[in-house]
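Along the sequence shown, residues carry numbers from 1. All values below were derived from every heavy atom in this structure, side-chain atoms included, with hydrogens, water molecules and symmetry-related copies excluded.
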Amino acid sequence: MVIKLLWDLLVGVPATLTREILAHIKEEIDQEMLTTEGSIRQRLQELQVMLESGEITEEEYDDLEAKLIERLKAIRQHNRGQGG
């Protein structure tokens, strides 16, 4: 019983939090809540850390990175169109 509790605390909770973070990032991308280059760069850095720590797979990283870079390009194009 104690071992299961420790296992849940050490492995289960971080895994659950990682899934929640990924879901939140996906939601932000889908809802286009990431509206500045800085916010997207921050998310890219967070994804890199998660990949390096083994919290996400290379496939998950590649998928989210591609979406974030696409969003970054759209923001840059929009800013150029407004003279900014």
Side-chain angles (χ1 to χ4, degrees):
M1 175 111 172
V2 173
I3 292 174
K4 180 168 179 5
L5 178 61
L6 288 174
W7 177 261
D8 288 346
L9 288 174
L10 296 175
V11 176
V13 172
T16 301
L17 291 176
T18 297
R19 284 192 295 275
E20 289 177 13
I21 290 168
L22 286 175
H24 182 71
I25 291 171
K26 287 179 183 178
E27 183 180 313
E28 285 181 335
I29 294 169
D30 291 343
Q31 294 181 359
E32 297 184 359
M33 294 171 69
L34 299 172
T35 57
T36 66
E37 289 185 39
S39 63
I40 292 174
R41 278 195 232 96
Q42 179 181 352
R43 287 299 188 200
L44 285 167
Q45 289 174 344
E46 290 171 4
L47 285 178
Q48 183 67 39
V49 169
M50 292 171 76
L51 176 65
E52 291 172 359
S53 68
E55 294 178 55
I56 60 174
T57 65
E58 186 80 33
E59 184 178 310
E60 290 170 315
Y61 175 84
D62 290 343
D63 179 53
L64 290 171
E65 179 191 39
K67 290 178 182 178
L68 286 168
I69 289 174
E70 183 179 305
R71 181 74 182 128
L72 182 61
K73 288 178 183 177
I75 289 171
R76 288 179 176 168
Q77 184 177 14
H78 176 75
N79 288 344
R80 278 195 300 269
Q82 292 193 349

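- Shortest non-hydrogen contact noted between Leu47 and Leu64 is CD1-CB, 3.6 Å.
- Ile75 approaches Thr36 most closely through the heavy-atom pair CD1-N, 3.8 Å.
- Taking 4.0 Å as the cut-off between side-chain N and carboxylate O, Glu46 and Arg43 count as a salt-bridged pair.
- Partners of Glu52 under the side chain to side chain donor-acceptor pair (under 3.5 Å) rule, at least two apart in sequence or in another chain, are Gln48.
- With hydrogens and angles ignored, the 3.5 Å screen pairs a side-chain donor or acceptor of Glu60 with a backbone N or O of Thr57.
- Not counting sequence neighbours, the partners of Glu37 by the side chain to side chain donor-acceptor pair (under 3.5 Å) test are Arg41, Arg76.
- By the side chain to side chain contact (heavy atoms under 4.5 Å, CB included) test, Glu65 pairs with Leu44, Tyr61, Asp62, Ile69, sequence neighbours left out.
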Does the side chain to side chain donor-acceptor pair (under 3.5 Å) test come out yes or no for Ser53 and Glu55, once each step is laid out? CA-CA 6 Å; Ser53 68; Glu55 294 178 55; 2.8 Å; yes

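- Atoms CG and CD1, on Leu72 and Ile40 in that order, are 5.0 Å from each other to the nearest 0.5 Å.
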